[in-house]
Amino acid sequence: MLKLKKRSPVIMELRASVAFFERMMNLMRRYIGWEIVFLAYTLVNCLTIGLIGVSSGDPQRVLYLVIGAILWGFLSLIFHELSENIAWERWEGTIEHTLMAPILRATHLAGNCIATVIYGLARTALILVVVSMFLKVNLGNANLFAASVILAVSSLSFIGLGLIGGILPLLSPEKGPQATHIIQALILLVSGVYYEIEVLPRWLQFFSKISPATYTLKAMRLALLEGKGISDLKGYIIILLVMGIVLIPIGYIGFRIAENYARRAGKLSRSG
Amino acid sequence: MRQAVIVEEVSKYFVEWKKKPVNGKIIDRIFSFLRWKRKKFYAVNKVSLSIREGEIFGVLGANGSGKSTLIRLIATLLLPDSGSIRVFGHDVNREELAVRRMINRVSVEASFFKKLSAWENLAYSARLYGYTPTEARPALEEIFKHLELPEEKLSGSLENLSRGMQQKVAIARALFTSPSLLLLDEPTTGLDPKSKIQVQSFVRKMNKENGITTLLTTHDMNEAELLCNRLVIMKEGRIVAEGTPTELKKLITNGNGKSEVAVTLEEVFLKLANEGN
Ligand SMILES: Nc1ncnc2c1ncn2[C@@H]1O[C@H](COP(=O)(O)OP(=O)(O)OP(=O)(O)O)[C@@H](O)[C@H]1O
Ligand SMILES: [Mg+2]
């Protein structure tokens, strides 16, 4: 039989990191029906919320709500895709194959994160285009560069949250994915997606302060509604960066610990 | 001769939560959660064995005797609770990456992304093992030729392939990376007689020509006799017998005067793997 040449470890890791993006593209093509369904659902959701703003008669209100809907769509997608990844591979039955691949866990997770962010950005761009065709949103005042920077740094902290969310399905095949849904719902509640966090009860506002989504939404609205630039938003950018820099290693280390727990307790798969 | 795998006194237990019976008293019912008891269940119990480089080593045993658990321990998918496992000198606990680079596994159930085609699944694996799909393709095509897997089947969604075909794709996926150690967990279960023979002869060919050390579990005694240089029989997590097929047969002929030519491996299995001692 043909013998394939052995590769240097660096090349192996680099090639492996592409595997997750390619897999995602292939899955998208095969599940195109569901892609369209989810896209349509998110779109209708954004439009509905935008129309609540239209009915209020205040154009700024429309933009305020649309920013919330679209940004939440992006952030929750990253969190959801990353945290459900293990649960989904367990359901497909591929989890053992993926986890025993001869690559660093860091490569595996980074490959997954990059693929997910690209997917999220592409979907969000599409939604943005359609929504702006339906609702007359006025971006004349907006600072789009600052908005892109906010989006980039907030992705980091949501990657961190997604990795942390991914720990739970490793620990418990059934309760883990249930818990990640609850976490996602809590972030939606406390982060001021459709309202200012001041309307929340005091004790809940504490959670608002530790949710990266709160700062993302605040900063994004300042950039798009009031045209604030990077220098005005410095504080938010630093907070989001710090959150990303803290959360990503916690997610990675937590994942490693949970993976070892799963290998000890036999939680990966038991059939055969 | 170099040892490919050395398993020393390895144990693996799983925790089961058992509920003690509750009697009718209301207070007992309220506190019934206190009655959950943690119980250790040993799936692999103080197992030691060594597999020589270049050999096909068989693990036989009844359902639930711990064969797949042993394979998962060697494959770094489970961590041993005690004992040590070395694969070509690398400890599965401390050097998992080095071990993973040398092994591949075929599990009983074909583990694929069901909606993706065989080629798409294989492209994913190729990349995980450091090859581009284009590099991997000739090796894969050659394997498919041997296993008589029609190429036109490989572009459709994998869930539409028969179980036997899926199993062949899984075997190709494990072999194209030319692992130094191949772990085969019931590779021919569910295959028709012809496919079975194809897979068996391919496993032997890979072992002969490329010197791939192979660990094989099977419930097919003919297969075990045909392929394996040496065998162990497991029972309730322990090894109860070890040797070449002929040596194992001698074990049960001693004493009843029968010649070992007259007994089958099946008789050996029924005697050693099932009977109480
Ligand atoms: N992850 C796990 N969690 C809990 N129990 C497990 C797990 N994996 C295996 N077991 C238990 O350990 C025992 C050994 O299982 P194993 O799968 O190793 O048996 P086997 O010899 O491969 O059986 P079969 O011939 O049916 O494939 C069984 O009782 C099984 O229920
Ligand atoms: Mg088994």
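Hydrogens, waters and symmetry mates are skipped; everything else that's a heavy atom, side chains included, is used. Naming: A, B, ... by sequence-line order, numbering from 1 per chain.
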**Q** Can you find a heavy atom in the side chain of B:Leu128 that is under 4.5 Å from one in the side chain of A:Phe20?
**A**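 Counting from C-beta outward, B:Leu128 and A:Phe20 do come under 4.5 Å.
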**Q** Quick one: which of B:Thr76, B:Thr217, B:Asn104, B:Ile71 has the most heavy-atom pairs under 4.5 Å with chain A, could you say?
**A**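 Most heavy-atom pairs within the cutoff with chain A belong to B:Thr76.
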**Q** Taking CE in A:Met25 as the centre, count heavy atoms belonging to other residues, nucleotides or ligands within less than 6.0 Å. Is the count above 12?
**A**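 Counting neighbours around CE of A:Met25, 12 or fewer heavy atoms of other residues, nucleotides or ligands fall under 6.0 Å, so no.
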**Q** Compare every heavy atom of A:Arg30 with every heavy atom of B:Gly156, then report the nearest pair and how far apart it is.
**A**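 Heavy atoms only, the tightest pair is C-NH1, 4.4 Å.
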**Q** Is it the backbone or the side chain of A:Ile103 that comes under 4.5 Å from a heavy atom of chain B, or both, or neither?
**A**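 Contact with chain B is through both the backbone and side chain of A:Ile103.
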**Q** Can you tell me which portion of B:Pro133 sits under 4.5 Å from chain A's heavy atoms? Options are side chain, backbone, both or neither.
**A**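 The side chain, not the backbone.
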**Q** How long is the gap from OH on B:Tyr124 to CE on A:Met24, to the nearest 0.5 Å?
**A**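 Answer for the OH-CE pair, B:Tyr124 versus A:Met24, is 13.0 Å.
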**Q** Closest approach of A:Pro102 and B:Tyr129, non-hydrogen atoms and distance?
**A**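 Heavy-atom minimum between the residues: CD-CE2, 3.3 Å.
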**Q** Identify which part of A:Thr107 has an atom lying under 4.5 Å from any heavy atom of chain B, answering side chain, backbone, both or neither.
**A**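 Neither part.
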**Q** Hey, which of A:Glu13, A:Glu22, A:Glu92 has the most heavy atom pairs under 4.5 Å with chain B?
**A**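 Looking at each option in turn, the highest pair count goes to A:Glu92.
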**Q** Measure the spacing between OG of B:Ser125 and NE2 of A:His97 and express it to the nearest 0.5 Å.
**A**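 Interatomic distance, B:Ser125 OG to A:His97 NE2, rounded to 0.5 Å: 3.0 Å.
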**Q** Answer yes or no: does atom CD of A:Glu174 have more than 12 heavy-atom neighbours from other residues, nucleotides or ligands under 6.0 Å?
**A**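 Counting other residues, nucleotides and ligands, CD of A:Glu174 stays at 12 neighbours or fewer.
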**Q** Verify, without hydrogens or angle tests, whether A:Arg23 (side chain) and B:Asn121 (backbone) share a donor-acceptor contact under 3.5 angstrom.
**A**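 Side chain of A:Arg23 to backbone of B:Asn121: no pair is present.
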**Q** In terms of heavy-atom pairs under 4.5 Å, which option from A:Leu268, A:Leu14, A:Leu104, A:Val18 contacts chain B the most?
**A**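 When all of A:Leu268, A:Leu14, A:Leu104, A:Val18 are compared, A:Val18 has the most.
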**Q** Going from CZ on A:Arg264 to CZ on B:Phe14, what distance comes out if it is rounded to the nearest 0.5 angstrom?
**A**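 Result: 11.5 Å between the selected atoms.
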**Q** Pick from B:Glu120, B:Arg105, B:Lys12, B:Arg101: which one has the most heavy-atom pairs with chain A under 4.5 Å?
**A**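 Sorted descending by pairs with chain A, the first entry is B:Glu120.
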**Q** If we define contacts as heavy-atom pairs under 4.5 Å, which of A:Gly111, A:Ala262, A:Gly266 has the most with chain B?
**A**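 If we count pairs closer than 4.5 Å to chain B, A:Gly266 comes out on top.
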**Q** Please look at B:Phe112 and chain A and tell me whether the side chain, the backbone, both or neither of the residue comes under 4.5 angstrom of a heavy atom of that chain.
**A**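 Just its backbone gets close to chain A.
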**Q** Can you give me the closest heavy-atom contact between B:Ser111 and A:Gly93, atom names plus distance?
**A**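 Reported closest heavy-atom pair: CB-O, 2.6 Å.
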**Q** Where is the tightest heavy-atom contact between B:Leu79 and A:Asn260, given as atom of each residue plus distance?
**A**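 Of all heavy-atom pairs spanning B:Leu79 and A:Asn260, the closest is CD1-O, 3.7 Å.
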**Q** Where does A:Ile95 contact chain B at under 4.5 Å (heavy atoms): side chain, backbone, both or neither?
**A**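 Looking at A:Ile95, nothing touches chain B.
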**Q** Is any NZ, NE, NH1 or NH2 atom of the basic residue among A:Arg15 and B:Glu135 found under 4.0 Å from an Asp or Glu carboxylate oxygen of the other?
**A**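 The answer is yes: the pair qualifies as a salt bridge.
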**Q** Given that the side chain runs from C-beta out, which part of B:Asp81 has a heavy atom under 4.5 Å from chain A: side chain, backbone, both or neither?
**A**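 Both backbone and side chain of B:Asp81 come within 4.5 Å of chain A.
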**Q** Please look at B:Thr69 and chain A and tell me whether the side chain, the backbone, both or neither of the residue comes under 4.5 angstrom of a heavy atom of that chain.
**A**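 Neither part.
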**Q** Would one find more than 12 heavy atoms of other residues, nucleotides or ligands at under 6.0 Å from atom OH of A:Tyr31?
**A**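 Enclosed: over 12 neighbouring heavy atoms sit under 6.0 Å from OH of A:Tyr31.
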**Q** Quick one: which of A:Met12, A:Glu89, A:Arg29, A:Met100 has the most heavy-atom pairs under 4.5 Å with chain B, could you say?
**A**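 Answer, by heavy-atom pair count under 4.5 Å with chain B: A:Met100.
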**Q** Sort B:Ser117 into side chain, backbone, both or neither according to what part of it lies under 4.5 angstrom from a heavy atom of chain A.
**A**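 Interface part for B:Ser117: both.
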**Q** Need one label for B:Ala126: side chain, backbone, both or neither, based on atoms under 4.5 Å from any heavy atom in chain A.
**A**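 Neither part, no heavy atoms under 4.5 Å.
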**Q** Among B:His146, B:Lys67, B:Glu96, B:Arg173, which residue forms the greatest number of heavy-atom pairs with chain A at distances under 4.5 Å?
**A**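 Highest number of pairs under 4.5 Å: B:Arg173.
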**Q** For the candidates B:Val99, B:Leu97, B:Leu116, which exhibits the highest count of non-hydrogen atom pairs separated by less than 4.5 Å from chain A?
**A**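 When all of B:Val99, B:Leu97, B:Leu116 are compared, B:Leu116 has the most.
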**Q** Please determine whether the number of non-hydrogen atoms from other residues, nucleotides or ligands lying under 6.0 Å from atom NZ of B:Lys153 exceeds 12.
**A**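 Counting other residues, nucleotides and ligands, NZ of B:Lys153 stays at 12 neighbours or fewer.
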**Q** Can you tell me if CD on B:Glu53 sees more than 12 non-hydrogen neighbours from other groups inside 6.0 Å?
**A**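 Yes - once you tally the heavy atoms of other residues, nucleotides and ligands closer than 6.0 Å, there are more than 12.
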**Q** Is B:Ser107 close to chain A through its backbone or its side chain, or both, or neither, when contacts mean heavy atoms under 4.5 Å?
**A**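 Neither part, no heavy atoms under 4.5 Å.
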**Q** Look at the rings of A:Trp88 and B:Phe113 and say which category their plane angle falls in: under 30° parallel, 30 to 60° tilted, over 60° perpendicular.
**A**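 Parallel: the ring planes of A:Trp88 and B:Phe113 meet at under 30°.
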